[in-house]
Amino acid sequence: MPNINDVHKQILKEVENIREEMSLPDNPRAFQAWCLHFAHSLPCDEAVDKSDTLSQGDGGIDGWHKDEVGRTFYLWQCKWSEEPKTTDQTPAIELINALDVLKQEATPKNWPGKFQDIHTQLHSAINAGCSVTLCVGVSGQVSDAAKKKILNQLELRSYDYPVDIEFWELGHIHDVRIQRHPSSETLVGKNVKFTLQSPSVIQENGDGGVVPTGWQACVASLNAKSLGNIAAEHGNRLFSLNVRYALNLNKRLKSLVATLESEEDAEKFWLYNNGITILCEEFSIDDKGEYLSIKNPQIVNGCQTTTQISKLRASLKDNVSVLSRVIAIPDTQVSDEAAMIAHTSNSQNPVDYKDLHSNDPIQKSLKIKFDGLSKPYFYETKRGEWGPQKRSVKSRYKKEGGGHRKIEISELGQAWWIFNSSPSTAITQKKQLFEDDLTYANVFSEDIPVEYYLAAILLRERYTEVWSAAKRAKLKQTFGRWLKDDVVNYFMRAKGQVISHSVALTSRFLVKEDGGWEPVEITKLITKLADHATFVNEFEDWNKQLVGMAFKNLYVSAKAHYEGKEAPLDFKKWLERDSELSLEFLVEEIEDQIDFQGLGKSDYFKFL
């Protein structure tokens, strides 16, 4: 059982970070964004946007999210408290009442703008066959009595579509966090004994034409309780080859749990569940057909099934079995075939495309290169890979001022895409990084020195610090007389795009005309980007005389465009225009100023 106070302290820290980073007024507002960010893995700016209802009256809704893959529309009501406390049914009843209003076909004109937007999104989702899940996020817990009243209220309602409710309490939040950050240790060379439910096993080798020559495979029924005990003993070392680890409990997994918990249906689990796939070095069955001994078992499909079985193992009866497919790979190593099996055998929760690239040669190469830098970086190619690392391993990557030198695969890809003159696209079409083969190949390439990648990461980090709310008072000092209060307010609402355009704009003028740097130059650049104080000093003239001016003029152009229009000025959308129009505008503004002054880049970048 987790220490609730410790869980609350961790969330408080993350909520305060979001509040400062996104310029939110208080913790209750930041908690709404945090809930969507944490539960649905949304970027912070998107989570803020989807929970931005208070300014126009929230109608009982604090946030929303549509899960296209899971075909679920989520509506949120969130209650923050500075200390953990028990909440009654009020937040959930507000949410249920809001759904009663939203299910109306018409949209009254007096509804707040955001509420009308949610109404449109909800009905579009329902018409597309989505179900609805009401989410109650609290920084404590909901009492059992309150939950009973809430469920009774739901039963009294009549809906034309499935409606469910989830309680995101501290205990549940802790469980989800643990699921997302499993161990990364392996079972190489170790034999694990699984109990067979039945001696009837189908075995194949390369001679029968079913599997390739040199391979071995079997289909067997494993005792579920035995599988659960093994998972509890070895933890996530069973899943080192899995392209993703245990994710949130979605509707399919809820059905799985319901089957296991049902006395009537549990024995039918073998029939209802797709089973698990295990890759290994070798396997054998004892003479009596009681045990399946597997060397270095790696569950590449069925991680979530196994995790849920492990949780419920104490209550499982001996008649519950799990269908399993066991494959012994030649040469006892992770081969291309092993990676392909891990790719294609996952179906219960759709796999994030970036996970499918986690074992690519380029990612393995980058991992080695980042680790080989004079100040090494941990390159996280798989979700949950960093969290369970031992303290002795993490200490290798510790920063002098606190924190760790750590880069995540999508963070690297997005930073380089921004750095390489695609600041808008990198934010608005982030998924394309891993879903589009050409984009992926251009961003992740052996032709790009690891030092260039590091420069992109560091430049983004520095501009993130510069534009952060905690240093808002210093913005005028950094960017000079250009940034008036009304301009800054618009910039803060589009901070993600402002940061990315600052990075792309700066890299455009830092890079040589031939697109490269000499080794000594890139080393100098990384040194100047290593910490905030050095960056502010070395880039002072550049930011104060040129960047601030260019952004101010971009704001003026956006204001002129929206003038006289019914829609209010949306600076974020102005930055998100196609063909990187905003970046090109910024570049032209600076080029004109440089030509006018008759100066060179070295006049602005002191270290060049």
Side-chain angles (χ1 to χ4, degrees), residues 186-243 256 259-260 266-310 313 316 318-348 359:
T186 67
L187 292 169
V188 173
K190 296 181 180 179
N191 280 294
V192 179
K193 188 186 289 186
F194 294 78
T195 300
L196 290 169
Q197 188 74 8
S198 166
S200 299
V201 176
I202 299 175
Q203 295 194 65
E204 296 288 348
N205 56 40
D207 298 335
V210 175
V211 297
T213 303
W215 289 58
Q216 285 186 301
C218 76
V219 178
S221 299
L222 303 180
N223 178 270
K225 186 183 286 286
S226 166
L227 175 63
N229 289 333
I230 288 170
E233 177 183 355
H234 296 291
N236 289 286
R237 290 180 293 173
L238 283 169
F239 312 120
S240 296
L241 259 184
N242 204 310
V243 297
L256 178 155
T259 300
L260 289 171
E267 65 178 347
K268 302 174 186 175
F269 186 76
W270 191 95
L271 301 172
Y272 294 166
N273 186 262
N274 289 332
I276 64 176
T277 300
I278 305 174
L279 302 187
C280 64
E281 298 176 21
E282 60 186 48
F283 66 83
S284 62
I285 301 170
D286 73 312
D287 294 338
K288 296 181 179 180
E290 295 178 348
Y291 299 103
L292 177 61
S293 182
I294 305 178
K295 189 174 183 180
N296 186 20
Q298 292 295 305
I299 298 176
V300 296
N301 175 248
C303 170
Q304 297 151 340
T305 296
T306 306
T307 299
Q308 297 306 320
I309 288 174
S310 179
R313 65 187 185 280
L316 293 179
D318 288 332
N319 64 349
V320 182
S321 61
V322 182
L323 177 66
S324 67
R325 185 172 60 140
V326 183
I327 303 170
I329 302 174
D331 301 327
T332 66
Q333 62 183 0
V334 179
S335 61
D336 290 342
E337 289 84 359
M340 181 59 70
I341 293 171
H343 274 217
T344 58
S345 63
N346 282 276
S347 62
Q348 286 188 327
N359 286 324

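Every heavy atom of this structure was used, including side-chain atoms; hydrogens, water molecules and symmetry mates were not. Sequence positions, counted from 1, serve as the residue numbers for this chain.
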Find out whether [X] and [Y] are in side-chain contact, i.e. whether some heavy atom of one side chain is under 4.5 Å from a heavy atom of the other.
X	Y	value
S324	F194	no
V188	E281	yes
F283	I278	no
N273	T259	no
N205	W215	no

Between [X] and [Y], what is the shortest heavy-atom contact and its length?
X	Y	answer
S310	G228	OG-O, 3.3 Å
Q298	F239	OE1-C, 3.6 Å
L316	I309	CD1-CG2, 3.8 Å
G189	N296	N-CB, 4.1 Å
A231	T306	CB-CG2, 3.7 Å
A224	V322	CB-CG2, 3.8 Å

Gap between atom [atom2] of [Y] and atom [atom1] of [X] - 0.5 Å precision:
X	Y	atom1	atom2	result
N229	H234	CG	NE2	10.5 Å
L323	S221	CG	OG	6.0 Å
K193	I230	NZ	CD1	10.5 Å
L238	L227	CG	CG	8.0 Å
S198	L222	OG	CG	11.0 Å
S284	I294	OG	CD1	9.0 Å

Tell me the salt bridge (charged side-chain N to carboxylate O under 4.0 Å, His left out) pairs involving residues 283-293, sequence neighbours left out?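 Every candidate salt bridge (charged side-chain N to carboxylate O under 4.0 Å, His left out) pair involving residues 283-293 fails, so no pair, neighbours aside, qualifies.
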
Salt bridge (charged side-chain N to carboxylate O under 4.0 Å, His left out) pairs touching residues 209-234, sequence neighbours excluded, are none

Non-neighbouring partners of [X] that pass side-chain contact (heavy atoms from CB on, under 4.5 Å), sequence neighbours left out:
X	answer
V201	L196, Q203, C218, A220, I285
L271	K268
A266	V320

Short question: side chain of Q197, backbone of D318 - any donor-acceptor pair under 3.5 Å?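 Checked: pair present.
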
Can you list everything that forms a side chain to side chain donor-acceptor pair (under 3.5 Å) with Q216? Sequence neighbours excluded, please. none

